[in-house]
Each structure stands twice: as structure tokens, then as C-alpha cells.
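Fair warning: this is a prediction, and the values are worked out from it, not measured in the lab. Letters A, B, ... mirror the listed sequences (proteins, then strands); counts begin at 1.
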Amino acid sequence: MPELPEVETVRRGLHELIIGRVVKKVTHDTPKGFPNAAADVEAFLIGSSVTDVRRRAKVLLIDLSSGYTLVIHLKMTGQLVFVGGARPRSPKPFQTASHRVSNRVPTPLEARAADVSEGLTVTAERFGAGHPNESLIGELPDRSTRVIFEFVDGSHLYFNDQRKFGWVRLMPTLEVPNIDFMKKVGPEPLEHDFTVMEFKERFKRRAKTSIKAALLDQTVVAGVGNIYADESLWGAAIHPLTRVGEVPEAKFEVLYTELRDVMNLAIEKGGSTDKNYVNAEGKKGSYMDFARVFRREGHECPRCGTIIIKFKAAGRGTHICPQCQVLE
DNA sequence: CACTTGACCTGTCCGC
DNA sequence: TGCGGACAGGTCAAGT
């Protein structure tokens with residue numbers, strides 16, 4: 001479920017944590033998740049240092065000193081978790097009684113990781129007690145770990161992805177803008193120069209589709225997913241099935257403001273953790289504590305007290321207040 | 001071309 | 001207790 005605020009939170013975390021670190025080794029178990037040829041990995045990733053961590057829409061870009069970039073999409077359940085600091089060493093970490101999943105057969109990736117004496121424990125203690133966003137991560141790697149980046153200083157970056165929809169690929173930095181997705185994707189909604197005029201203009205060509213489908217369309221505006229679509233539509237009091245062309249001008253302007261406000265708040269709260277999402281330190285985001293309608297069916301609308309309902313719109317679970325949000 | 005639906009995956013939850 | 005099926009949603013391909 002990582003949307004723009006979640007990916008941005010990960011980006012900020014990684015920007016603090018991995019710039020300057022030099023890649024020593026990469027282990028991965030899914031050709032689909034990491035399709036690059038071993039020779040390319042050896043030539044352009046191993047021995048390179050991280051020079052920048054960027055984001056475009058929901059895509060993370062980790063730039064390397066080799067002139068290549070790791071392009072990463074977390075899709076629904078992807079996580080990028082950095083583990084540094086002192087590392088307890090264990091000779092057979094995947095066979096110790098303390099291992100969380102010790103009574104099953106280690107995956108090939110785990111077995112390989114065991115060979116290099118990994119077996120780290122990511123605990124709340126490691127990241128400091130009292131942090132508002134608790135850790136969701138246990139020992140890494142775990143069964144969802146697809147790629148492990150090891151840096152020369154002994155720290156690690158884990159790419160976990162329970163549902164395997166996400167991917168990592170290595171390509172020349174200069175070619176990143178030529179990816180089909182990058183050529184089609186719409187403007188960044190939180191950029192200062194993204195105006196309400198441009199917002200309205202972008203939606204015009206989708207006049208006949210529903211406002212929710214248009215919000216989720218990455219070629220209209222970048223980075224909006226199901227959570228912030230529902231939250232911003234509630235904020236603007238627009239029914240998700242309203243055709244774009246039928247949305248009153250004034251409400252469109254409110255939607256622009258609501259979308260930006262709700263995403264900025266979400267970034268401030270470290271994103272939304274419904275089930276899987278964690279930041280670069282393995283911690284949950286707390287926006288869901290502030291959500292007004294998303295996953296709140298059966299609860300009262302904070303504006304009018306009407307019970308929030310859930311139904312399907314644009315192929316997605318959709319949450320509205322049936323009193324505040326009516327078809328135009 | 002605009003728009004909708006299904007596929008990709010796996011873990012979880014619900015009803016029987 | 002187990003099992004089948006529905007469900008979760010970002011993006012692309014294939015369909016209308």
C-alpha cells in the first residue's frame with residue numbers, strides 16, 4: 001500500500017541512512033524481482049557508493065557512483081529496511097532456537113544469507129524506545145526478504161515483499177526518465193509549482209470517468225493511491241463515483257487542497273500502516289490514527305456523525321460518508 | 001483513444 | 001480443525 005507519502009517517508013529515511021555507503025554484496029532470490037544480469041550487478045553495483053536517494057511518484061531511485069541507479073517499486077507489500085550498527089554474530093543463525101521461524105526450512109535466500117553469518121535482530125530497542133511509531137519488523141532476513149544489499153561497513157538494506165509484486169532493477173541513471181512509466185506519469189502533487197489550475201487541467205481529459213478512477217490514474221497526478229483518494233474525496237465532500245466533468249468547480253479546488261493537505265499530514269505522520277508498510281527503520285506509520293473514512297466503515301463520520309460505509313468503486317474498496325458525499 | 005477488467009501474488013479472514 | 005473462497009490494491013496488459 002505504499003503511496004506517495006509512504007514512499008517519500010522511506011526515501012527520507014534512506015537518504016539519512018545510506019548515502020556514501022559502498023555496496024559490497026547483493027543476494028537475491030527472484031529473477032522477477034531483480035532481473036538484472038549478474039555481470040551488470042558486478043560491474044555497476046558492487047563497489048559503487050550511494051550518491052543520492054530520490055523519488056518520482058511511487059518509485060524510489062537510489063543513485064550510485066557508477067552512473068547507474070537502482071529503480072525500486074514497492075507496489076503493495078514492499079519494504080526497504082536498513083539495519084546498521086553493531087551486529088551480533090551467530091555461527092548458524094537460521095538454526096538457533098531463538099529464531100522466530102526456526103521450525104521451518106530456511107528459504108534459499110536465508111540459507112545463502114546464513115552462509116555469510118547474518119541473522120540480525122531488529123528490535124525496538126535498537127531503534128530507541130519511546131518512538132511513537134513502533135517497529136513491525138522482527139529478525140531479518142525473514143521469509144519475505146527478496147533482496148539483501150550488504151555494504152562494506154557491515155550494514156544491510158533489505159528489500160522485503162510478501163506478495164512479490166514489487167521489483168528492483170539496475171539501469172543507467174540517464175535512462176531512468178525513458179522508462180515508459182516515467183514518460184507517462186503525471187506531475188508531483190506536492191511540488192510548490194503544482195497549481196490548482198494545472199490540477200483541474202490534468203483532469204479535463206478524463207471528464208467521463210469517475211473522480212476516484214481519475215485520482216488513481218498515475219498519468220493524471222502522480223502518487224495517489226486508494227487511501228489518500230478516499231481521504232481527500234471525503235475532505236472535499238465528493239462522491240467517488242461522480243464523473244469528473246460533473247464535479248463542481250469549487251469542489252475541485254477543495255479537492256486540490258485536501259489532497260495536498262492529507263498527503264502532507266501523512267508524510268508528517270510517517271505514512272499509513274494498514275498491514276505491511278514500514279519506513280527505512282522498520283517502523284510503522286501512524287496516519288491511520290488520523291484517517292477520517294479509510295478502513296473506518298461502521299464508525300461515525302467525524303463531520304456529521306453518519307455511519308461510514310464501504311463499497312467498490314474503480315475496482316477498489318471505497319469508503320465514504322453517505323451523508324457528506326452524494327452524487328452530483 | 002477512453003475506459004474497464006483481469007492478472008500478477010501471498011497472507012488473512014470468514015463461513016461451512 | 002481444515003478447507004475453499006473472497007479480499008487486500010499498484011500497475012500493466014488485454015479487453016470492450
Letter per nucleotide, 5' to 3', of nucleotides 10-16 of chain C [B base touched, S only sugar-phosphate touched, - untouched; heavy atoms, 4.0 Å]: BBS----

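- Nearest-nucleotide positions on DNA chain B place A:R206 closer to the 5' end than the other of A:R206 and A:Q162.
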Audit row: A:N279, A:K284, side-chain hydrogen bond (donor to acceptor under 3.5 Å, both in side chains) steps and yes/no: CA-CA 6 Å; A:N279 68 12; A:K284 298 178 182 178; over 6 Å; no

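- Here the rule is side-chain contact (heavy atoms from CB on, under 4.5 Å) with A:F82, and of A:Y158, A:F149, A:F151 only A:F151 fits it.
- With both ends at atom P, the span from B:dC13 to C:dG9 equals 15 Å, rounded to whole Å.
- Between A:E297 atom CD and C:dC7 atom P there is a gap of 13 Å when expressed in whole angstrom units.
- A:K75 and A:D161 are not joined by a salt bridge, as no carboxylate oxygen comes within less than 4.0 angstrom of a charged side-chain nitrogen.
- A salt bridge links A:E253 to A:K200: at least one charged side-chain nitrogen sits closer than 4.0 Å to a carboxylate oxygen.
- Look at CG on A:D217: it is 18 Å from P on C:dG9, rounded to the nearest Å.
- The pair A:K269-A:D289 does not count as a salt bridge, with every side-chain nitrogen at least 4.0 angstrom from each carboxylate oxygen.
- One P atom belongs to B:dG11, the other to C:dT11, and the distance between them is 22 Å to the nearest Å.
- Using a 4.0 Å heavy-atom cutoff across all strands shown, A:F294 reaches sugar-phosphate atoms only and no base atom.
- When the P atom is used for both B:dA7 and C:dG5, the distance is 15 Å, rounded to whole Å.
- The footprint of chain A on DNA chain B, defined by a heavy-atom cutoff below 4.0 Å, extends from B:dC3 to B:dG11.
- No engagement by A:K275 is indicated, since no non-hydrogen atom pair under 4.0 Å with the nucleic acid exists.
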Per-nucleotide pairing state of DNA chain C [Watson-Crick or G-U, under 3.5 Å; [ ] pseudoknot-crossing; | other strand]: .|||||||.|||||||

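- No close placement of the A:F159 and A:H73 rings is indicated, their centers lying 6.0 Å or farther apart.
- No option in A:E6, A:E3, A:E258 other than A:E6 meets the side chain to side chain donor-acceptor pair (under 3.5 Å) test with A:Y228.
- Centroid-to-centroid, the aromatic rings of A:F199 and A:F203 come within less than 6.0 Å.
- A salt bridge does not link A:K24 with A:D153: every distance from a Lys NZ or Arg NE/NH1/NH2 to an Asp or Glu carboxylate oxygen is 4.0 Å or more.
- When heavy atoms are screened at a 4.0 angstrom cut-off, A:G166 is found touching no nucleic acid atom at all.
- One side chain, A:R205 or A:T219, offers a donor N or O that lies under 3.5 Å from an acceptor on the other.
- A:R12 has a carboxylate O that lies under 4.0 Å from a charged side-chain N of A:E8, or vice versa, which qualifies the two as a salt bridge.
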